[in-house]
Amino acid sequence: MTTPHPGYDSTRHPDLLVWLAERQGAFEDWAREAGGDADRFDFSDASLDALEERVRETFAGPEEITARRRSAFVQGAVWYIGETLRRRREGWVWKFEPDVDFGVLPAFYPAVPDPAYLDTPCVGAPDAEPGEHWYPLNTLRRLLATEDEFDNPVDEGLVGMIEGWYDEEEEEDE
């Protein structure tokens with residue numbers, strides 16, 4: 001882990017740029033593995049429903065997604081969810097942000113996850129404050145959660161998570 005230099009640009013982190021290029025290049029193969037093809041995964045609500053179905057069929061819970069977060073399928077799903085949201089929000093970009101509490105950059109997808117740090121790319125407005133970003137890996141984890149942090153039952157769908165958060169932003173702007 002390193003502390004970013006004063007001019008750090010979270011949109012230009014070298015590992016992020018490599019990851020984005022790899023994910024885009026692997027998109028068609030990922031789409032086939034996810035149960036369709038690039039035409040089916042067109043960043044629409046229907047494609048998010050298809051991804052949700054595949055995730056629910058494949059993983060038993062959030063811990064399994066965390067354990068397999070470096071697999072090609074999860075990496076592709078993270079990119080797809082983030083890319084869907086980025087395309088729906090004008091001006092949003094991919095970022096690799098320092099930890100909000102500690103101000104350090106964790107390793108980019110290390111072999112063993114460190115629960116104290118977010119090690120994944122996020123999407124958000126270029127000028128968003130720390131903590132105001134969307135982490136697609138956390139979206140996948142939340143998709144399989146049965147209870148929230150207050151032990152209340154949770155039953156969220158992928159489209160609802162993305163659109164609900166998206167709609168809240170729209171309402172605040174009005």
Side-chain angles (χ1 to χ4, degrees), residues 4-55 65 69 72-101 103 105-106 108-109 117-145 148 154-174:
H5 57 79
Y8 174 70
D9 181 351
S10 61
T11 66
R12 306 296 306 161
H13 187 283
D15 292 337
L16 172 66
L17 298 177
V18 168
W19 182 83
L20 289 170
E22 288 173 349
R23 297 289 29 103
Q24 190 163 11
F27 174 64
E28 288 187 26
D29 290 338
W30 174 84
R32 277 191 292 282
E33 181 185 349
D37 58 28
D39 290 336
R40 180 176 188 194
F41 287 95
D42 59 358
F43 306 99
S44 65
D45 285 355
S47 70
L48 291 171
D49 288 340
L51 175 57
E52 177 179 341
E53 183 178 328
R54 177 66 195 267
V55 168
I65 289 176
R69 75 195 200 300
F73 178 77
V74 172
Q75 291 284 297
V78 165
W79 178 82
Y80 188 76
I81 291 168
E83 190 63 16
T84 300
L85 191 52
R86 188 193 68 79
R87 289 173 184 218
R88 292 180 183 197
R89 293 293 299 191
E90 185 176 335
W92 275 31
V93 295
W94 280 100
K95 296 179 167 193
F96 186 64
E97 289 290 323
D99 180 86
V100 175
D101 295 324
L105 282 171
F108 195 88
Y109 278 112
Y117 296 99
L118 293 171
D119 61 359
T120 62
C122 59
V123 291
D127 58 351
E129 295 294 320
E132 293 181 355
H133 302 94
W134 186 273
Y135 287 86
L137 181 60
N138 288 342
T139 302
L140 283 176
R141 291 179 184 133
R142 224 173 74 214
L143 184 61
L144 298 178
D148 66 14
V154 174
D155 183 22
E156 291 184 288
L158 193 51
V159 171
M161 280 190 263
I162 289 174
E163 290 301 323
W165 193 68
Y166 178 73
D167 290 344
E168 286 173 17
E169 293 289 313
E170 291 293 317
E171 289 170 11
E172 289 175 12
D173 291 344
E174 294 177 359

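The analysis underlying the following values was restricted to heavy atoms, covering all of them including side chains, and did not include hydrogens, waters or symmetry mates. One-based numbering along the sequence shown.
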J.: For the residue pair Phe27 and Tyr80, categorise the inter-ring angle as parallel (less than 30°), tilted (30 to 60°) or perpendicular (more than 60°).
T.: parallel
J.: Not counting sequence neighbours, which residues clear side-chain contact (heavy atoms from CB on, under 4.5 Å) with Glu22? List them please.
T.: Val18
J.: Test your reading of the model: is there a side-chain donor-acceptor pair from Tyr109 to the backbone of Thr120, 3.5 Å cut-off?
T.: no
J.: Output the distance between atom CZ (Arg141) and atom OH (Tyr135), rounded to the nearest 0.5 Å.
T.: 11.5 Å
J.: Do you see a donor-acceptor pair shorter than 3.5 Å between the side chains of Trp79 and Gln24?
T.: no
J.: How close do Arg23 and Ala72 get, heavy atom to heavy atom, and via which atoms?
T.: NH2-O, 4.1 Å
J.: For the residue pair Gly124 and His133, what are the closest heavy atoms and their distance?
T.: CA-CD2, 4.1 Å
J.: Which atom pair, heavy atoms only, marks the closest approach of Asp39 to Asp42?
T.: O-CB, 3.6 Å
J.: Among Leu85, Ile81, Val93, which one satisfies side chain to side chain contact (heavy atoms under 4.5 Å, CB included) with Val123?
T.: Leu85
J.: Any chance you could measure Asp45, atom CG, to Glu52, atom CD, to the nearest 0.5 Å?
T.: 11.0 Å
J.: Give, for atom CD of Glu156 and atom CG of Leu144, the distance between the pair rounded to the nearest 0.5 Å.
T.: 11.5 Å
J.: Sequence neighbours excluded, which residues qualify as side chain to side chain donor-acceptor pair (under 3.5 Å) partners of Asp29?
T.: Arg32
J.: Could I get the full list of side-chain contact (heavy atoms from CB on, under 4.5 Å) partners for Ala46, not counting sequence neighbours?
T.: Ser44
J.: Let me see the working for Trp19 and Trp94 under ring pair (Phe, Tyr, Trp, His ring centres under 6.0 Å), right down to the final yes or no.
T.: CA-CA 11 Å; Trp19 182 83; Trp94 280 100; 5.4 Å; yes
J.: If I take atom CD1 from residue Ile65 and atom CZ from residue Phe73, how far apart are they, to the nearest 0.5 angstrom?
T.: 8.5 Å
J.: Indicate, with yes or no, if the rings of Phe41 and Trp30 have centres closer together than 6.0 Å.
T.: yes
J.: Can you check whether Ala31's main-chain N or O pairs, donor with acceptor, with Arg40's side chain at less than 3.5 Å?
T.: no
J.: Tell me the closest heavy-atom pair linking Ser10 and Leu16, and the distance in Å.
T.: O-CD2, 3.5 Å
J.: Please report the interatomic distance CZ(Arg142) to CG(Leu137), rounded to the nearest 0.5 Å.
T.: 12.0 Å
J.: When rounded to the nearest 0.5 angstrom, what distance separates CD1 in Ile162 from OG1 in Thr84?
T.: 6.0 Å
J.: Would you call the rings of Phe108 and His13 parallel, tilted or perpendicular if under 30° counts as parallel and over 60° as perpendicular?
T.: parallel
J.: I need the minimum non-hydrogen distance between Pro126 and Lys95, along with the two atoms involved.
T.: O-NZ, 3.1 Å
